[in-house]
Chemist: 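Take a look at the following structure, please.
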Number of protein chains: 2
Amino acid sequence: MSSANSLAVEDLGSAAQRDRRKRILDATIALASQGGFDAVQMRGVAEQADVALGTLYRYFPSKIHLLVSALQREFERSEAALRDRPSDGDTAADRVINSLKRTTRGMQSDPQLTEALTRAFMFADGTVAAEIHQVGMLLTTMLTKAMYPEGHDQLTEEDVAIARVIGDVWLSALVGWVTGRSTAAETGQQIEVAVRLLLRD
Amino acid sequence: MSSANSLAVEDLGSAAQRDRRKRILDATIALASQGGFDAVQMRGVAEQADVALGTLYRYFPSKIHLLVSALQREFERSEAALRDRPSDGDTAADRVINSLKRTTRGMQSDPQLTEALTRAFMFADGTVAAEIHQVGMLLTTMLTKAMYPEGHDQLTEEDVAIARVIGDVWLSALVGWVTGRSTAAETGQQIEVAVRLLLRD
DNA sequence: AGCCAAAGTGGAACGTGTTCCTATTTTAGA
DNA sequence: TCTAAAATAGGAACACGTTCCACTTTGGCT
């Protein structure tokens, strides 16, 4: 730990380090928004974040780590937005569909960024397991909260399994859209069909 | 078309061209089996296939195209095997689970190859849409045949939707396994749970 | 204040996917 | 059989992710 009296699980280091990390992720997202995965070039990120290339690699050991970390930050924002203003609807299916469509719409409003982050996520190998796991947890949380907006003492195994399946379909649909294999409308349709199959109240 | 009396939809060219193509895909699969995605290096494939680098790129415009084409060929073999000897079982769910587990087991017996092909598939962009679509069709065919082994006059939209969702989950599970985020057992479990949720007879 | 380890800088260098070019070989058609 | 076009060989060159190194700056401790 960098400071003896810190109790945080994640040690984010000094203020200067937090600042560098933020600048790097900001630069990453700016470049990704502009030109997608290919436009995120390590030399470019370093320059735009005003950091040496070696420093960039000290913070993020690969381009994939960098992009998945950016995804994590963005996703946390989405989840927070959903927490602030949950989707309403009469049935669990409606609420889940609404939540996913809102999130999807948000991502589709910045296609290049979404392309960059999604490609990185799908390409990530075992060395990025920690970050990937974080994102998966966020997604599951998001979905089960939509299923049980009041909160629930304990989720059944089936609840979690359903959330996981929905998450898988959502990711596949997103990949299809990102890689230009399906339209935004088809993506929405795909998600809706899957959710209605899985959550027939 | 290269020959006036060919009626095939896919023009495979002269015998020499078919042979080159086969050699290239053989070399690709050999290298992938041995060392996975990273071991498939374009110079190495060219050398092992006894073909110039430029020729390799004439046949397959990128490493991703190359690997997805290899996946397609392998997948056609799997589908044919399943067609020859369909999985039996009392319910649609049982047959689908058996089919997927057989296929999955086959892939898991060559982890490096599977890693290479799966990563390529997930990373593919719109320029590979044609090949990707082929693979998707094969998968859907495989699943609907397991659902209705006797054949069916016409599949309902729901049938196709279910097959698609199952395919998505299967791919996600495979990616999880390939990237070292889940074990073979978890992968099988994940598929089984999804199928039973979707196909409750 | 002075010291030392850690962090950062700047940039060279390497590997691999991809492009490009010229010379040679193969193939199809007159 | 001869010729023009297409395909292939062989390899240089380029781009970008990644590694490495020598040097400088920063920050905490005595």
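Computed from heavy atoms alone, side chains included, the values below leave out hydrogens, waters and symmetry copies. Reminder, nothing fancy here: chain letters follow the sequence lines and each chain counts from 1.
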Chemist: Going 5' to 3' along nucleotides 5-12 of chain C, which nucleotides have protein heavy atoms under 4.0 Å from the base (write B), which only from the sugar-phosphate (write S), and which from neither (write -)?
Modeler: --SSBB--

Chemist: Can you measure B:K63 atom NZ to D:dG17 atom P for me and round it to whole angstrom units?
Modeler: 15 Å

Chemist: Could you tell me whether A:E79 and A:R83 make a salt bridge, using a distance below 4.0 angstrom between a side-chain N and a carboxylate O?
Modeler: yes

Chemist: Rounding to a whole Å, what distance do you find between A:D38:CG and C:dG17:P?
Modeler: 15 Å

Chemist: Which label fits A:F123 and B:F123: parallel for a plane angle under 30°, tilted from 30 to 60°, or perpendicular past 60°?
Modeler: tilted

Chemist: Among residues at least two apart in sequence or on other chains, which ones pass side chain to side chain contact (heavy atoms under 4.5 Å, CB included) with A:S87?
Modeler: A:L82, A:N98, A:S99, A:R102

Chemist: Could you state the OH-P distance from A:Y57 to D:dC21, rounded to the nearest angstrom?
Modeler: 17 Å

Chemist: Would you mind reading off the distance between B:M42 atom CE and C:dT18 atom P, rounded to a whole angstrom?
Modeler: 6 Å

Chemist: State whether B:D26 and B:R21 are salt-bridged, where the test is any N-O pair (Lys NZ or Arg NE/NH1/NH2 against Asp/Glu carboxylate O) under 4.0 Å.
Modeler: no

Chemist: Would you call A:R73-A:E76 a salt bridge at under 4.0 Å N-O?
Modeler: no

Chemist: Without decimals, in angstroms, what is the distance between A:F37 CZ and D:dG17 P?
Modeler: 8 Å

Chemist: Within the 4.0 Å heavy-atom criterion, would you say A:V40 contacts the bases, only the backbone, or no part of the nucleic acid?
Modeler: sugar-phosphate

Chemist: Quick one: which residue pairs count as a ring pair (Phe, Tyr, Trp, His ring centres under 6.0 Å) with a foot in residues 178-201 of chain B, not counting sequence neighbours?
Modeler: none

Chemist: I need the CD1-P distance between A:I64 and D:dC16, as an integer number of Å.
Modeler: 16 Å

Chemist: B:E47 CD to D:dT8 C1': how many Å, rounded?
Modeler: 17 Å

Chemist: Starting at NE2 of A:H65 and ending at C1' of D:dT18, how long is that distance when rounded to a whole Å?
Modeler: 14 Å

